[in-house]
Amino acid sequence: MSEQLQRLAKLPLRENLKGISPYGAPQIDVPILLNVNENTHGVPAEVVESITEAVAKAAASLNRYPDREFTELRAALADYLGHGLAPENIWAANGSNEVLQQILQAFGGPGRTALGFPPTYSMYPLLASGTDTEYVKGERDADFELSAESAARQVRELAPNIVFLCSPNNPTGTRLGLDVVEAVYDAGEASRTIVIVDEAYHEFAHDGTPSALSLLPGRERLIVSRTMSKAFALAGARLGYLAAAPEVADALRLVRLPYHLSAVTQATALAALANRELLMADVEDIKVQRDRIVDELRSMGLTPAASDSNYVFFGGLEDPAAIWKGLLEEGILIRDVGIPGHLRVTAGTETETTAFLVRLRELLGQA
Ligand SMILES: *Cc1c(COP(=O)(O)O)cnc(C)c1O
């Protein structure tokens, strides 16, 4: 037992939290951080200026609680998403992790189950334990794919209260067709299953990739989750949101803490949304680097997955741990997601991406 677990054992911890580890992507201070899929392009100076101005204005009334309904922000998010969505379709919290937690608080809990399809976002099982929801691991097809037929069959068999679909999926970077979402939704009819489509990386998808937002009309159990942490380069601000039927937001009002979105957070998010064109230009550049990584890894004889996100999951490595370590020695941090023969790298700036590719070739003996 680790020292930490031994120490914890002295406390009357809830049974379902015993023996689990907290979320722990390493935070190592090196020059090139390509490990947690942050936006590597930084916050543009103009956006920094807008945010600073907005926050200064908000600071003057920090003696008051913020707008509990974050009305202006919901309107701005609805406008950004389009698809005919109105402010009452939108809900937000401190990162999409908090949005997902609130969904589990409202629709999961003791005696209820949430189904995910690993390898997928490592926070789903942790959010489930935190809310005492049983996490059920579904199965994927070959090459980590998930077909509509297989996903729907598993939902029918397991009748979960909640299903997590992640598209593009973390860590594989691959997207799900809308046919999978539709099939899962229909399969969950009898069990009244809440279907969450986590589109944290949607803005990085290749042009013309449809969003599950287009499926919302008439589907009150469907929730599309988004975040400003990735495309909007705002991971540090903590703003995640969802689009769904208005009654979903009503359900989450029952579990959210009062005034959960600070006035500073609301002001920051609004300023970033007002500058979205500038921020989306960086997204285009990141997509170029992402496609470049896929091409180059292929030319090295590796097997990168087709990525619609800002990172690339690749296999064909004999000793991923050694590659990970060799990159770190050059100040480049990528992610070992614990899948044999594979690693995951976030698309960097052009310079960062070049440094990664050059070092990788050396480590593979191809320089
Ligand atoms: C990064 C990420 C999120 C975003 O989390 P935030 O709490 O909004 O920062 C959500 N889902 C997936 C799959 C992610 O990779």
Side-chain angles (χ1 to χ4, degrees), residues 22-27 33-41 43 70 73 77 80-81 90-105 114-128 130-131 135 140 144 146 162-176 181 195-205 211-212 223-243 252 256 260-262 265-266 268-269 272-273 279 283 286 290 305 307-313 334-335 337-339 344-347:
Y23 176 83
Q27 284 195 311
L33 292 169
L34 305 177
N35 65 324
V36 287
N37 304 338
E38 289 152 334
N39 187 315
T40 43
H41 285 46
V43 185
F70 43 101
L73 179 57
L77 289 167
Y80 166 66
L81 290 179
I90 308 296
W91 185 254
N94 297 282
S96 51
N97 273 286
E98 189 177 84
V99 174
L100 298 174
Q101 183 180 52
Q102 291 176 344
I103 296 171
L104 285 161
Q105 286 176 315
L115 172 67
F117 295 94
T120 189
Y121 190 34
S122 61
M123 278 306 299
Y124 300 152
L126 290 177
L127 291 164
T131 54
Y135 186 71
R140 285 181 180 263
F144 311 113
L146 184 61
I162 298 167
V163 180
F164 290 107
L165 296 175
C166 190
S167 179
N169 185 50
N170 185 358
T172 55
T174 47
R175 69 177 152 97
L176 286 176
V181 180
V195 179
I196 305 171
V197 186
D198 184 346
E199 291 191 345
Y201 299 98
H202 180 78
E203 287 91 343
F204 298 102
S211 162
I223 300 175
V224 182
S225 165
R226 295 279 189 102
T227 181
M228 295 186 77
S229 291
K230 311 288 161 55
F232 280 86
L234 228 53
R238 314 304 301 127
L239 199 287
Y241 56 104
L242 64 72
L252 302 191
R256 64 99 178 273
H260 68 292
L261 272 187
S262 85
T265 305
Q266 295 183 40
T268 304
L273 281 161
L279 290 162
V283 166
I286 291 167
R290 181 265 323 272
S307 175
D308 270 292
S309 55
N310 67 336
Y311 52 90
V312 179
F313 176 71
I334 71 166
R335 189 78 174 269
V337 288
I339 297 172
R344 189 192 74 190
V345 63
T346 307

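All heavy atoms count here, side chains included; hydrogens, waters and symmetry mates do not. Remember, it's 1-based here, ligands and their atoms both numbered in the order they're listed.
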Leu242 CG to Ile90 CD1 distance, which is reported to the nearest 0.5 Å:
7.5 Å

CA sep, side-chain torsions, deciding dist, call: Ile339, Phe144, side chain to side chain contact (heavy atoms under 4.5 Å, CB included):
CA-CA 11 Å; Ile339 297 172; Phe144 311 113; 3.9 Å; yes

Does the ring centre of Tyr201 sit less than 6.0 Å away from the ring centre of Tyr311?
yes

Parallel, tilted or perpendicular: which one describes the rings of Tyr124 and Tyr121, with boundaries at 30° and 60°?
perpendicular

Does Thr265 reach the side chain of Leu239, with side-chain heavy atoms less than 4.5 Å apart?
yes

Within the 4.0 Å heavy-atom sphere of ligand 1, strictly under, residues:
Gly95, Ser96, Asn97, Tyr121, Cys166, Asn170, Asp198, Ala200, Tyr201, Thr227, Ser229, Lys230, Arg238

Any idea how Tyr80 and Tyr241 line up, ring-wise: parallel (<30°), tilted (30 to 60°), or perpendicular (>60°)?
perpendicular

